[in-house]
Amino acid sequence: MDASLILRVSAPLLLWVPAIVSLYLLIRGHNEPGGGFVGGLVASAGLVFFVISRGRQAALRVMRVPPAGWCGIGLLLAAGSGLLAWIDPAAGYLTHRWWFPDVGFKVPLGTALLFDVGVYLTVIGTITAMVFALVDED
Amino acid sequence: MEIALPLAIGVLVAAAAYLLMARDLPRGLLGFVLLGTAANLTIFAAGRIGTMTPPLVAPGAQALEAGAANPLPQALVLTAIVIGFGLASFALVLLRRAHAEFGSVMSEDMQEAEPPLAAAPPAEPAPTPPPARPRPVPAPAALREVV
Amino acid sequence: MRQILLVAPILIPLAACAITALLWQRPEVQRRIGVAAAALLFLSTLALLAEVVTGGMVVGQMGNWPAPFGITLVVDPLSAAMLVITGLMALAVAVYAMGPGAAERDRAGFQPLFHALVMGVAGAFSTGDLFNLYVWFEVMLIASFGLLVLDRTREQLDGGLRYVMLNLVGTTFFLLAVGLVYGLTGTLNLADLARVAPQVENQGALAAAAVLLLISFGAKAAVFPLFNWLPAAYHTASMPVAAIFAALLTKVGVYAIIRVFTLVFAHDQALFGPIIGVVAMLTMVVGVLGAAAHYDVRRILSFHIISQIGYMLVGVALMTPLALAGAVLYIVHHIVVKANLFLVAGAMQKVGGSFALAKLGGLWATRPLLGLMFLIPALSLAGIPPLSGFWGKLVVIRSGFEAEAWLLASVALAVGLLTLYSMVKIWNEAFWKAAPAEAAAHQPAPGEWGRMQRFATFAPIVALCAVTLTIGLWTEPFAAFSLAAAEALLDREAYIAAVLGTAPVQLAEAVR
């Protein structure tokens, strides 16, 4: 795959800057526009650039785990976040649970965040799986 | 808006129907994408249209203020877009593989699963293998560059 | 506990899908987890059925968002029965998939896709919301796409593309219908829809949306004239995949038709009853004639799926308690029998070397047990007493005569005879006639057909034969349950009350 020199050199930048932005989007997602899905898309946009410029193998090395694995972890996290609802066994699956540990200020920790992280990972896994399938013969 | 939206949906469905009837499969796929867009616009229109504020609860408030847009159709459309995107990209991958295998994207060149019955008369039910097709033609250079 | 049982049929396959996806390098472990998850699913659905029978409908609001705003899961007797049969099929096919070809299949990703498919089916059977039904349909569809082209042969790519294109259009119609229904009623919760639909002013537009739904469900269920994708694709899939497809995919479409047309559009029965009746009749006839014209075991069986779908639709066409009970009994019987026939066909191919009837023969002499295992589901499919198919057909046809739908009932009778013709054809060609030289010389490769593989192949077949015999010889509880399920289907008020309670209704009114 003959990507241009500019693209090849800027690939790491185009990978890590979106990755950081995506984390910001993921965290702010609960009450403002953002969230796991959008964050995952932004992060995978960086990965797609990386695949185009450096090829599939290089991207796999960065990801460490194949896309299916990312989906697997993401699905487990998202589904697992719902299990915490059954602190009260009569509650519906996926009912929100919140904790506010005090570390100088109250950190709002909820199962919704866990769910969103699951979505984030699943989206990254899905998008990269599709792109990998399309650049199969490089 | 009340006139533009149905017109847009109508044009999209008409174009989709035209594309879906084509014999080459990429056009069919484009037809599916257009039809999906029409369906999404229908759901959007079903949530009532007009000038409204975004459905965001203001800080400190407990509920949406009056005049906010209906958030449900937006959630539905978002879900449907994601699903449609997934299906379309899967179909695209499949199409690409089929192109590599058959050297064509025309549906009449792919008769492997249902060979014409004439090739397998009931008295001699063993379907004679279809004549060997030319080995896959490499994808046109233009396609490769795009990918 | 009820809440946990309600979600378990979706969560167990989801977890299995995720874990097997994580173990992409360990096919052996994947396979064991797959079977264990399927067994767990079967047990949990049995517990759920017991809960529904003893304690009534199980309803849950995901995230405690009240209906009709949140995602609702509802399991009534019909859903519970379908879930149990889904669990049984998942278990049978998961064991069968440990047989010949398991290594290649699992390397290609069979396990995660298989469990994703089961999750989609279970979700579709337990959801109480039209849009969620769409989402589960798509989960099922994406997984089935992957499963269908698992071996990536030319045949599969071709069949897969046809399947993909037709189903994409079918589900887009579903989405379009969802948009129209939402625009007309302002809700997508099935119970709320059942309440609101009769009061909608523009009944014509609602009927148009209902027809769109009928088209998309019909395409899924492979009814006339939307069945073409099924015989184009099913025979190309590898055998465990074909078996799970044959067992579950079309039945989800039938279930959706039954659910939506008994619950939401029941007030328009005068319009839709005859339409569905004609469709049912033509589906039966076309399917059975298609089967008569083919000489490949898998193709014959594929066409028979289509013809049997017609019987199930008779219940919705007539919508009497007896007819719906017949449909329920028929679906349960049919799923077991049809999946079993595909499993037997896979075994026949293993020992006889081919799916083509001309190349098979003499199996009765060499494999009498396999012959018996074929005869039980085959004769049951044709409706020979005392097997399960006889009772299913008896109830369906009797309800036809009781409702004075003479034509429908007579066609159902005649199609039964033609079914027998196809089954006898397979029997004569594959088991009875002398083996052609090629087939006589065929021996399964020893590495591919060891003790383990034989056990994995035959254990599910024997178990499903036992289920068929049980339904046939001890019909009473199954028939009583079907009748109870049918009465629950027709008792719309109870369904609405169970899902919405009373307070949320006022809330919904206030918002609207």
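Each chain gets a letter, A, B and so on, in the order its sequence line appears, and its residues count up from 1.
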Margin query: Would you say that more than 12 heavy atoms from the other residues, nucleotides or ligands in this model lie under 6.0 Å from the CD1 of Ile83(B), or not?
Written below: yes
Tested for side chain to side chain contact (heavy atoms under 4.5 Å, CB included) against Leu168(C), the lone hit among Val33(B), Leu35(B), Leu29(B) is Leu29(B)
- prompt: Would you say the side chain of Thr172(C) lies within less than 4.5 Å of the side chain of Phe32(B), judging by non-hydrogen atoms?
  reply: yes
Scanning both residues in full, the closest heavy-atom pair of Met165(C) with Leu25(B) reads CE-O, 3.5 Å
Given Ile9(B), Leu76(B), Leu72(B), Leu20(B), the one with more heavy-atom pairs under 4.5 angstrom with chain C than any other is Leu76(B)
Closest heavy-atom pair, Leu175(C) versus Ala80(B), reported as atoms and distance to 0.1 Å, is CD2-CB, 3.7 Å
Cut-off 4.5 Å, heavy atoms of chain B, and the answer for Phe131(C) is side chain
Turns out that what part of Leu184(C) lies under 4.5 Å from chain B's heavy atoms comes down to neither
Greatest number of non-hydrogen atom pairs under 4.5 angstrom with chain C, of Leu41(B), Val13(B), Thr79(B), Val77(B), falls to Thr79(B)
**Message:** So Thr42(B) and Tyr182(C), do their side chains get closer than 4.5 Å, heavy atoms only?
**Reply:** no
Okay, Phe355(C) and chain B: the region with an atom under 4.5 Å from a heavy atom over there is neither
Review point. Within the side chain of Arg97(B), is there an N or O that forms a donor-acceptor pair under 3.5 Å with the backbone of Leu157(C)?
Key: no
Okay, Phe174(C) and chain B: the region with an atom under 4.5 Å from a heavy atom over there is neither
| said: Just checking Phe90(B): does its CZ atom have more than 12 heavy atoms from other residues, nucleotides or ligands closer to it than 6.0 angstrom? | reply: yes
Counting heavy-atom pairs under 4.5 Å with chain C, the top scorer among Gly36(B), Gly84(B), Ala39(B) is Ala39(B)
- [ ] Using a cut-off of 6.0 Å, state whether more than 12 heavy atoms not belonging to Ile3(B) lie near its atom CD1.
- [x] no
Note: Ala91(B) and Val164(C) closest approach over all heavy atoms is CB-CG1, 3.9 Å
**Prompt:** Should we count CH2 of Trp65(C) as having more than 12 external heavy atoms under 6.0 Å?
**Reply:** no
Per-residue tally against chain B (heavy atom, under 4.5 Å) across Leu180(C), Thr236(C), Leu161(C) peaks at Leu161(C)
Counting heavy-atom pairs under 4.5 Å with chain C, the top scorer among Ala88(B), Pro73(B), Ala16(B) is Pro73(B)
For Gly179(C) and Ala46(B) the tightest heavy-atom approach is O-CB, 3.2 Å
Bottom line for Val135(C): the part with an atom under 4.5 Å from chain B's heavy atoms is both
